[in-house]
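Below is one structure, written out as structure tokens, with a few remarks after it.
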Amino acid sequence: MLPIEETQINVVDSHEEVEEFFRWLSQSRQFLAFDTETAGLSPQRDALRLVQFGDVDTAYVFRADRWLGVAEEVFQKYIGLLVGQNSGFDVRFLKVQGNIDVSWANMHDTRIMAHILNPNRSTSLKALGAQFLTPQAKRLQGALQGAMAAQGWSWGTIPFSFSTYTAYAGLDCILTARIAEKFYPEVEANYKDVYELELQVARICSNMEVKGVSIDLPYCKEKYAQILDYCADVEFWCLENYGVRPSEAQQVATKLVSEGVDLSKTTPTGMWAMDKDVLEGLEHPLAKAVLEHRQKTKIGSSYFQNFLQLHDNGVLHPSINTLGARTGRMAVNTPALQTIPRGSIVRDAFLPRSDEHLLSVDYAGIEARLFAHFAAEEELIRVFHEGFDPHSYTAQQVFNVETPTKEQRQVAKGCTFALLFGAGPEKMGITAGITSEEAKFFMDSYKERFPGVPRFMKSVDNVAKQRLAAEGTGYVKTPLGRRQVGEKEKLYALVNALIQGTAADVFKQALVNLDNAGYGSNMLLPLHDEILLSVPSDIDIQEVITTMEDRTSFRVPLICEASGLLERWGDKARAVVG
DNA sequence: CCGAAAAGCGCG
DNA sequence: AAAGCGCGCTTTTCGG
């Protein structure tokens with residue numbers, strides 16, 4: 001491998017240079033890296049500007065407006081392994097902007113490799129390639145940013161003739177190839193199952209991003225306008241009656257204190273806490289108005305306004321980060337479609353494909369089930385197999401009553417979640433609505449009654465501590481082999497990470513199963529443990545459920561529930577409420 | 001005045 | 001012994 005300064009970056013702009021490129025391409029190499037430079041992040045909105053190919057020592061840079069045909073030929077004919085850094089991003093631009101179909105068959109991805117090897121670090125190309133980047137190479141990036149600022153260039157307008165731009169583009173490709181050669185041996189040796197799962201998931205979710213999800217634009221506009229009006233009225237009312245704006249928490253707090261309201265909770269920096277819990281506990285009309293204002297502005301700005309700004313002909317194309325969380329969970333942004341409020345108001349904006357229905361299928365209490373699995377508690381396992389309500393059962397056992405009250409069930413449920421989140425008695429008490437002493441007593445009794453639970457928690461801690469001492473990193477692995485890395489001072493959080501990460505593995509495998517069963521084109525959105533689909537009305541819902549369920553891999557069956565066919569996503573909320 | 005941090009809240 | 005987990009987005013707050 002050459003020193004990075006001696007690597008060759010060739011900008012191709014003649015037929016002779018294309019011939020030279022193909023001669024280079026025919027040489028053997030481990031990975032052919034590819035990359036694109038674009039005008040922005042949206043394939044629907046932003047232009048494809050450059051396409052680059054490279055290996056560890058050489059890169060070729062093509063202008064997309066002149067030489068896209070060459071790129072197409074490469075993707076059609078190249079038979080070796082391909083690698084990209086977050087390759088789905090480039091694949092989508094090549095598809096949407098260039099009408100080029102890139103096969104996923106020989107695809108590899110350095111971002112996936114990096115996350116699997118170390119899920120807690122940055123997976124940006126520059127961070128991963130830092131060891132290859134000499135100060136001189138780093139200056140390239142600085143020079144590019146400096147020139148862009150000085151000239152007022154954006155990623156869409158920076159001239160092709162600016163050699164720093166093309167050099168930077170080519171270097172990214174070389175970095176990708178180097179990172180792939182460095183990471184792949186360990187990935188292949190130790191993480192093959194989870195890596196292959198992630199590649200599949202990247203493909204499936206990339207398809208979802210391109211397809212997008214339809215929204216009802218007139219509905220969004222109407223609701224957004226109503227919300228703006230309403231919020232203006234509430235704000236006016238607050239100003240008239242109390243002389244404060246409802247959005248300014250500290251002003252509101254000062255006003256409340258002057259009205260004789262007793263505040264006690266503060267934020268870590270010593271300001272008055274004005275969060276939902278605090279305000280809900282106050283009888284003051286200003287508190288009610290502030291809560292109302294907050295909820296409605298949130299719905300307006302984070303959802304309807306974003307939908308109206310981000311849609312492409314009535315279709316939202318969210319960005320799905322298949323490795324958004326360190327645990328292996330996904331994250332969805334622009335817009336944040338995994339955080340749509342539960343009621344029907346925002347969900348009613350979502351439409352199925354024409355002549356179809358929406359269908360939502362989710363796992364039933366997957367975290368509590370996996371908790372029972374890891375705890376290997378025979379009684380709890382039996383409860384799940386026999387279909388009893390687990391929270392009623394734990395309440396019955398720990399309170400030692402025949403029929404637990406609703407409140408007792410709530411305490412038991414709170415305790416299960418406190419344990420699997422790593423909460424202490426204080427937090428558990430707050431969530432369950434009891435004192436920390438009562439919470440502590442219940443937690444202790446719970447652990448005594450179900451000794452597998454503390455045994456499991458202790459063993460996660462022990463394993464992580466041992467590895468921290470022996471290997472310098474405290475981690476555990478999910479059954480699929482995904483590493484969960486804990487921070488030194490927060491090893492207790494690995495209990496939750498293991499459960500959350502295992503649930504992510506299960507969900508991702510379900511996406512692959514659905515795709516293999518022919519539902520690939522029906523999938524619209526992944527929502528942690530729920531999938532939103534658009535399906536024809538003659539769909540066999542039970543078959544979809546069965547495809548997702550896993551009744552055999554764990555001590556507890558992981559079962560799914562479906563919404564039924566919906567005209568709009570919000571109809572599910574209505575069905576539950578009504 | 002600008003940018004970063006904090007606070008708050010939406011989901012699983 | 002004690003420790004609520006993981007995200008994205010908007011607005012306010014505050015330091016430079």
Side-chain angles (χ1 to χ4, degrees), chain A residues 119-120 231 245-253 265-280 290-291 293-303 305-306 309-310 318-343 345-347 360 362-368 371 414-432 436 439-440 443-444 457-458 461 484 486-504 507 525-532 573:
Chain A
N120 288 20
C231 289
R245 296 178 56 210
S247 58
E248 297 192 0
Q250 296 311 303
Q251 270 191 35
V252 171
K265 188 177 165 191
T266 57
T267 69
T269 56
M271 300 191 307
W272 287 123
M274 283 280 100
D275 59 41
K276 205 177 174 184
D277 279 352
V278 170
L279 293 174
E280 275 174 351
V290 169
L291 280 171
H293 186 264
R294 271 194 203 157
Q295 193 216 356
K296 292 296 185 294
T297 51
K298 172 89 182 170
I299 289 175
S301 325
S302 290
Y303 304 109
Q305 188 185 37
N306 276 349
Q309 282 172 3
L310 293 169
S319 172
I320 303 172
N321 182 350
T322 57
L323 288 167
R326 55 175 65 177
T327 54
R329 264 200 184 179
M330 305 195 217
V332 174
N333 63 36
T334 54
L337 296 187
Q338 285 185 326
T339 65
I340 303 300
R342 287 190 193 99
I345 175 163
V346 186
R347 295 190 180 215
S360 156
D362 68 346
Y363 285 89
I366 188 167
E367 290 189 329
F371 196 39
C415 187
T416 298
F417 279 95
L419 291 169
L420 79 82
F421 276 142
E426 198 174 324
K427 290 279 183 189
M428 182 202 148
I430 293 167
T431 354
S436 16
K440 176 155 187 359
M443 275 178 134
D444 289 344
M457 295 170 72
K458 190 72 199 149
D461 197 53
Q484 303 291 335
E487 284 155 47
K488 262 196 207 72
E489 309 305 317
K490 280 183 73 177
L491 290 183
Y492 68 88
L494 284 175
V495 168
N496 181 255
L498 182 58
I499 291 166
Q500 198 185 107
T502 303
F507 180 68
L525 277 178
L527 301 130
H528 300 304
D529 67 352
E530 170 187 353
I531 180 84
L532 185 68

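By convention in this document, chain letters (A, B, ...) are assigned in the order of the sequence lines, proteins followed by strands, and residues within each chain are numbered from 1. Just so we're clear, the structure is a prediction, and the values are computed from it rather than from any experiment.
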Item to check | Touch class at under 4.0 angstrom, heavy-atom based, for Asn321(A) against every strand present | outcome: nothing
Checklist entry - Hey, can you pull the residues of residues 326-341 of chain A with a non-hydrogen atom under 4.0 angstrom from DNA chain B? => result Arg329(A), Gln338(A), Thr339(A), Ile340(A), Pro341(A)
Item to check | Nearest-neighbour nucleotide for the Lys490(A) side chain, dT10(C), dG12(B), dG6(C) considered | outcome: dG6(C)
Are there any protein N/O atoms within less than 3.5 Å of an N/O atom in nucleotides 13-16 of chain C, and if so, which ones and at what distance?
unit_1	atom_1	unit_2	atom_2	d
dT13(C)	OP1	Gln250(A)	N	3.2

Item to check | Backbone of Thr327(A) reached by a side-chain donor or acceptor of Gln484(A) within 3.5 Å | outcome: yes
Next on the checklist: With a 4.0 Å limit, can you tell me whether Thr267(A) has a side-chain N or O closer than that to the phosphate oxygens OP1/OP2 of dA7(B)?
Outcome noted: yes
Checklist entry - Which whole number of Å gives the distance between the C1' atom of dG4(C) and that of dG12(B)? => result 14 Å
Item to check | Nearest-neighbour nucleotide for the Thr269(A) side chain, dT10(C), dG12(B), dA6(B) considered | outcome: dA6(B)
Checklist entry - Contact class for Met428(A) (heavy atom, under 4.0 Å): base, sugar-phosphate, or nothing? => result nothing
Next on the checklist: Is it the case that over 12 heavy atoms from other parts of the model lie below 6.0 angstrom from the CD atom of Glu489(A)?
Outcome noted: no
Checklist entry - Hey, does Tyr303(A) reach any base, or is it just sugar-phosphate, or nothing, if we go heavy atoms under 4.0 Å? => result sugar-phosphate
Next on the checklist: Nearest to the side chain of Thr431(A), heavy atoms from C-beta on, is which of dG4(C), dG10(B), dC11(B)?
Outcome noted: dG4(C)
Checklist entry - Would you say Asn306(A) reaches dT10(C)'s phosphate, i.e. side-chain N/O to OP1/OP2 under 4.0 Å? => result yes
Checklist entry - What is the nucleic acid contact for Lys298(A), judged by heavy atoms within less than 4.0 Å: base, sugar-phosphate only, or nothing? => result base
Checklist entry - When we call it a touch if two heavy atoms are under 4.0 Å apart, what does Ala497(A) touch: a base, just sugar-phosphate, or nothing? => result nothing
Checklist entry - Near Glu426(A) CD, under 6.0 Å, is it more than 12 heavy atoms from other residues, nucleotides or ligands? => result no
Checklist outcome for this item: Among dA3(C), dG4(C), dT10(C), the one nearest any side-chain atom of Tyr492(A) is dA3(C)
